[in-house]
Amino acid sequence: MSEQFLAIAPETPPRWARRFAEVEREDDVAVLLRDLTAEYGLVGYLLINLPPSASTEIAPFVLMTNWPAEMLEGYDREGLVHGSPVIGRLRISTIPFSYEAVAINSVRLDGKSQVANSLFGRFGLPRGAYFPAHNPLGQRGALAFGGERPALSHLEMAELNAIANLAFTTVLDCRLDGRRPIALSQREIECLSWVSAGKTSVEISGILGLSEYTVNHYLNRATRKLDAVNRVQAVAKAMRAGILQ
């Protein structure tokens with residue numbers, strides 16, 4: 001099934017697509033992000049809800065991270081989130097971007113450029129990338145990776161960007177209490193199954209003998225039921241829920 005998922009999310013490496021589809025608990029995501037960080041030759045990851053503009057701390061918005069506690073404490077003790085050009089950029093853009101701590105902190109207006117550079121350098125995160133994320137409820141966040149390796153390639157950026165929404169949405173889903181079972185109709189399941197195989201609405205209409213309009217109706221309804229933002233995420237959620245085999 002991970003190969004089918006890959007057909008509609010080609011930027012996601014098949015092994016990671018499969019592992020996300022198998023996630024059952026929040027702890028599983030932490031293990032996955034730890035392994036992902038190591039595989040890309042990076043040191044740290046940070047998954048957050050996007051802090052509002054009045055925030056003076058990052059810690060309350062951290063969903064999961066392997067940053068040392070000392071680093072988080074230092075970041076908040078110095079009040080670095082308030083004048084962060086990174087957080088500012090995440091608030092206005094949904095485009096992933098790489099960073100060099102020295103360069104990006106040079107535009108800070110709070111006079112704390114050296115403090116920020118020292119902190120990120122001390123913990124081995126002088127460069128990396130941020131990937132904006134969101135879920136179907138409109139919550140916004142980001143997944144960040146950092147380390148000392150050379151800048152990520154365009155392909156690596158695309159791969160990690162494809163994973164960011166999956167990680168963010170999966171963690172928030174795991175935190176929802178009392179989730180109700182998802183009930184899809186047979187037609188909705190059939191349409192999603194063909195989408196996972198890489199078929200378009202036009203192709204599915206020919207396979208099932210339905211109009212394209214009807215196919216889109218079933219897919220849109222399944223996407224809403226699964227609280228997904230698009231067909232890619234709907235397929236991923238249906239796989240995790242065991243609806244698609």
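Just the heavy atoms: all of them, side chains too, but no hydrogens, waters or symmetry mates, feed the values below. The shown structure was predicted, so the numbers you read here are calculated from the model rather than taken from an experiment.
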From CA spacing to verdict: side-chain contact (heavy atoms from CB on, under 4.5 Å), Val31, Arg19
CA-CA 10 Å; Val31 171; Arg19 290 187 64 180; 4.0 Å; yes

Contact between Phe145 and Leu36 at the side-chain level, heavy atoms closer than 4.5 Å - yes or no?
yes

Check the hydrophobic clustering (I, L, V, M, F, W, Y; side-chain heavy atoms under 4.5 Å; chains of links allowed) and say if Trp16 and Val171 are grouped together.
yes

Are the side chain of Gln233 and the backbone of Val229 linked by a donor-acceptor contact shorter than 3.5 Å?
yes

Let me see the working for Leu208 and Cys191 under side-chain contact (heavy atoms from CB on, under 4.5 Å), right down to the final yes or no.
CA-CA 9 Å; Leu208 298 180; Cys191 290; 3.9 Å; yes

Can you confirm whether Phe131 sits close enough to Asn165 that some side-chain heavy atom of one is under 4.5 Å from a side-chain heavy atom of the other?
no

Connected via hydrophobic side-chain network under 4.5 Å: Leu33 and Ile48
no

Where the side chain of Lys237 meets the backbone of Asp227, is there a donor-acceptor pair that is under 3.5 Å apart?
yes

Any Tyr75 side-chain heavy atom under 4.5 Å of Val115 side chain
no

Validation row: Gln114, Asn105 side chains within 4.5 angstrom (heavy atoms):
no

Where do Val195 and Ile204 land on the side-chain contact (heavy atoms from CB on, under 4.5 Å) test, with the steps shown first?
CA-CA 8 Å; Val195 168; Ile204 297 170; 3.7 Å; yes

Which pair of non-hydrogen atoms, one from Pro132 and one from Ala164, has the smallest distance, and what is that distance?
O-CB, 4.3 Å

When rounded to the nearest 0.5 angstrom, what distance separates NZ in Lys112 from OG in Ser118?
14.0 Å

Determine all donor-acceptor pairs shorter than 3.5 Å in which one atom belongs to a side chain in residues 50-64; sequence neighbours excluded.
{"from": "Ser55", "atom 1": "OG", "to": "Pro52", "atom 2": "O", "distance (Å)": "3.0"}

Which value, rounded to the nearest 0.5 Å, describes the distance between Glu73 atom CD and Leu119 atom CG?
11.0 Å

Could you tell me which non-hydrogen atom of Leu166 sits nearest to which non-hydrogen atom of Ala236, and how far apart they are?
CD2-CB, 4.0 Å

Closest heavy-atom pair, Tyr218 versus Glu188, reported as atoms and distance to 0.1 Å, is O-CG, 3.6 Å

Which pairs pass side-chain hydrogen bond (donor to acceptor under 3.5 Å, both in side chains) with one or both residues in residues 87-104, sequence neighbours excluded?
Glu100-Arg127

About how many Å separate CG of Leu226 and CG of Leu192, when rounded to the nearest 0.5 Å?
6.5 Å

Might you work through the salt bridge (charged side-chain N to carboxylate O under 4.0 Å, His left out) test for Asp110 and Arg108, ending with a clear yes or no?
CA-CA 6 Å; Asp110 55 4; Arg108 293 187 72 103; 2.6 Å; yes

Shortest non-hydrogen contact from Leu152 toward Ala129
CD1-CB, 3.7 Å

With no hydrogens and no angle check, do the side chains of Thr170 and Arg25 hold a donor and an acceptor under 3.5 Å apart?
no

Arg140 side chain to Leu90 main-chain N or O, any donor-acceptor pair under 3.5 Å?
yes

So, Ser196 side chain and Ser193 main chain: donor-acceptor pair closer than 3.5 Å or not?
yes

Hphob cluster co-occupancy, Val235 + Ile207, side-chain heavy atoms under 4.5 angstrom
yes

Remaining members of Val202's ILVMFWY cluster at a side-chain heavy-atom cut-off under 4.5 Å?
none

Between Tyr40 and Glu159, does any side-chain donor sit less than 3.5 Å from a side-chain acceptor?
yes

Within this structure, what is the OG-CG distance for the pair Ser201 and Leu210, rounded to the nearest 0.5 Å?
11.0 Å

Examine Trp67 together with Phe120 and report whether their ring centres are nearer than 6.0 Å.
yes

Electrostatic pair Arg77:Glu70 at N-O distance under 4.0 angstrom
no

Closest heavy-atom contact between Ala234 and Ala228?
N-CB, 3.5 Å

Student check: side-chain heavy atoms of Phe123 and Val43 closer than 4.5 Å:
no

Which value, rounded to the nearest 0.5 Å, describes the distance between Leu80 atom CG and Ile87 atom CD1?
10.5 Å

For Ala101 versus Asn117, what's the shortest heavy-atom pair and its separation?
O-OD1, 3.0 Å

Could you check whether Thr169 and Asn135, counting side-chain N and O atoms only, form a donor-acceptor pair closer than 3.5 Å?
no

What distance do Asp35 atom CG and Tyr45 atom OH have between them, rounded to the nearest 0.5 Å?
9.5 Å

